[in-house]
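What follows is a short report on a single structure.
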Amino acid sequence: MQHLFFGILFLVLLVSCHDNKIDRVERAFYYWKSGEYSLSDDENKCLDTLNVKKLYVKFFEVTHDETMGNIPISKNRLDIYNYEGKNEEVNSNVVPAVFIKNEVFIKSSKSEIDTLISNVEFLVKKYKREHFSTKNNEIKEIQFDCDWTLKSKENYFYFLREFHKKSKIDLSCTLRLYPYKYRSKMGVPPVKKVTLMCYNLMQPFESKSKNSILDIEELKSYLTVVEKYPLHMDIALPIFSWCYHYQYDQFQRFTNLNAGDLKKIATRKSSLWYEVTKDSVINEVYYRQGDKLKFEEVNQNTVQDVIKILKSKVQLDKKSTVILFHLDSNNLKSYNYETLGKFYTSFSI
């Protein structure tokens, strides 16, 4: 009898693990720049080659100013009116994304949040009308990105509820790993669906020896919840890198130095750290001999490891969107199309 019990238990675990794959993966990218842009030839080709028909585009960010109150910053004016052929489908499937700093909800009253709702709705519709397809200006979804905390939760959730009531638009929001694990404490946001952000697992300066973009052991520590998340959940994966630039052991800036340029000007000192070997200027940034660089990237094997972990630890829906962060010519230099395509298809294997 005992052998029968363990045999049945094994089969249940085997079936439940197999069921965690996604049968239908909707392919998408984030587009997270600030300023006025048109998609480059490389970015257009990437969307066409991978048959990606959905873009989550950051329209703007919202911050709190003590004098002016809540104001939009870092506006993104991506212009894809000339986005032709297959890409017209992407044009009409742009999802506006708005990043709102946590302090906005900590420092705002309910009346100020009501004003914020009206202002954000107005700006989103204005940007969609001015910068995207005139054939279809319907907004099917808006995604809000906020690292909410216990202090901001009540106001943030109020914002989401009231925004949906006023706009009648389906909402999604980003979900960091901490609120995914501690959902009873952090709450479940009042939206139609969430996107689990499998990157930026720690603060950039938290550890000199760990990759703050993606550390596998850190990721595993948050994926210990057995119960399915109570909302539909999409997945976001990183395909970007960044570089911490230090002079005289003092942090100067983050730069978009890529792996190819790094090899030309610096020598490796450890798994993440490099030292500049000659004075150089790259992308208008001056690197001096002796400068220290912490270069963080996510290679294809690490991303595949993340996919395997997600399929074994997280109950995924049969149809979900997988979003790569983010579409940028510089990021695309680190991956070929076959590799990027596998990031989508591996969820269905």
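Sequence positions, counted from 1, serve as the residue numbers for this chain.
Contact of the L47 side chain with the L39 side chain is registered, since non-hydrogen atoms from C-beta on lie closer than 4.5 Å. Using a 4.5 Å heavy-atom cutoff, the side chains of E103 and S152 are not in contact. Looking at heavy atoms from C-beta onward, W273 lies out of side-chain contact with L293 at the 4.5 angstrom threshold. Side chains of P238 and V298 form a contact here, defined as non-hydrogen atoms less than 4.5 Å apart. The closest side-chain heavy-atom distance from V322 to R27 is not below 4.5 Å. The shortest distance between side-chain heavy atoms of I106 and N155 does not fall below 4.5 Å. Within the 4.5 Å cutoff, the side chain of S40 has heavy atoms near those of the E43 side chain. The side-chain heavy atoms of Y222 and K313, taken from C-beta on, include no pair separated by under 4.5 Å.
Figure legend: cation-pi geometry between K153 and Y156 absent, as NZ or CZ is not positioned both under 6.0 Å from the six-membered ring centre and within 45° of its axis. A cation-pi geometry, defined here as NZ or CZ lying under 6.0 Å from the six-membered ring centre and within 45° of its normal, holds between K110 and Y158. A cation-pi contact, defined as under 6.0 Å to the ring centre and within 45° of the axis, links R183 to Y180.
The existence of a salt bridge linking K220 and E218 is excluded, since no basic side-chain nitrogen approaches an acidic carboxylate oxygen closer than 4.0 Å. Using a cutoff of 4.0 Å between basic side-chain nitrogens and carboxylate oxygens, R176 and D147 are scored as salt-bridged. We find that E121 and K166 are joined by a salt bridge, their nearest charged nitrogen and carboxylate oxygen being less than 4.0 Å apart. Using a 4.0 Å cut-off between charged nitrogen and carboxylate oxygen, K319 and E26 do not count as a salt-bridge pair. The pair K192-D170 counts as a salt bridge, with a side-chain nitrogen and a carboxylate oxygen less than 4.0 angstrom apart.
Of the inter-residue distances, the one linking I73 atom CD1 with F99 atom CZ reads 8.5 Å to the nearest 0.5 angstrom. To the nearest 0.5 Å, atom OG1 of residue T63 and atom NZ of residue K107 are 8.0 Å apart. From S271, atom OG reaches atom CZ of F295 across 12.5 Å, with rounding to the nearest 0.5 Å. Residue N51 holds its CG atom at 11.5 Å from SG of C46, rounded to the nearest 0.5 Å. Here the straight-line distance linking atom CD1 of I100 with atom CG of L116 works out to 5.5 Å at 0.5 Å rounding. Of the inter-residue distances, the one linking L196 atom CG with D234 atom CG reads 10.0 Å to the nearest 0.5 angstrom.
Taking the six-membered ring where the residue is Trp, the centroids of F132 and Y127 are separated by 6.0 Å or more. Separation of the H245 and F251 ring centroids does not fall under the 6.0 Å cut-off. Close placement of the F159 and F105 rings is indicated, their centers lying within 6.0 Å of each other.
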Derivation and outcome, salt bridge (charged side-chain N to carboxylate O under 4.0 Å, His left out), residues E141 and K54:
CA-CA 11 Å; E141 174 191 349; K54 192 172 189 179; 3.7 Å; yes
Using the rule given for side-chain contact (heavy atoms from CB on, under 4.5 Å), can you reason through H232 versus V194, listing the C-alpha separation, both sets of side-chain angles and the distance that settles it, and then say yes or no?
CA-CA 6 Å; H232 172 85; V194 296; over 6 Å; no
Start with the C-alpha distance between Y246 and R253, add both sets of side-chain angles, then the distance that settles side chain to side chain donor-acceptor pair (under 3.5 Å), and finish with yes or no.
CA-CA 8 Å; Y246 289 83; R253 61 182 68 84; over 6 Å; no
Show, in sequence, the C-alpha distance, side-chain angles and deciding distance for T195 and Q143, and conclude whether the side chain to side chain donor-acceptor pair (under 3.5 Å) test is met.
CA-CA 9 Å; T195 298; Q143 183 169 101; 3.1 Å; yes
I would like to know whether D279 and Q289 meet side chain to side chain donor-acceptor pair (under 3.5 Å); could you show each step before the answer?
CA-CA 5 Å; D279 293 358; Q289 183 178 356; over 6 Å; no
Report the C-alpha distance between S108 and N70 in whole Å, list the side-chain angles of each, state the deciding distance to 0.1 Å, and finish with yes or no for side chain to side chain donor-acceptor pair (under 3.5 Å).
CA-CA 8 Å; S108 297; N70 299 321; 3.0 Å; yes
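More than 12 non-hydrogen atoms from other residues, nucleotides or ligands lie less than 6.0 angstrom from CZ of F205. When the shell of 6.0 Å around NZ of K185 is examined, it contains more than 12 heavy atoms from other residues, nucleotides or ligands. For K228, the NZ atom counts as densely surrounded, since its 6.0 Å shell holds more than 12 non-hydrogen atoms of other residues, nucleotides or ligands.
For the pair D249 and K292, the tightest heavy-atom approach, listed with the atom from each and the gap, is OD1-CG, 4.3 Å. Counting all heavy atoms, side chain and backbone alike, Y56 lies closest to I323 at CE1-CD1, 3.6 Å. Among all heavy-atom pairs drawn from V57 and L78, the shortest one is CG2-CD2, 4.2 Å. Taking both residues in full, the closest heavy atoms of Y248 and R288 are given as OH-NH1, 3.1 Å, listed atom of the first, atom of the second, then distance.
Side-chain contact check for T302 and N299: at least one donor-acceptor pair (N or O, by modelled atom type) lies under 3.5 Å. With no hydrogens or angles considered, a side-chain donor-acceptor pair links Y287 and T255 at under 3.5 Å.
With L214 as reference, V306 is the one residue of V306, N200, L237, D305 to meet the side-chain contact (heavy atoms from CB on, under 4.5 Å) rule. Screening W32, F254, F325 for a ring pair (Phe, Tyr, Trp, His ring centres under 6.0 Å) with F240, the sole residue that qualifies is F325.
In this structure E284 satisfies the salt bridge (charged side-chain N to carboxylate O under 4.0 Å, His left out) test with no other residue, sequence neighbours excluded.
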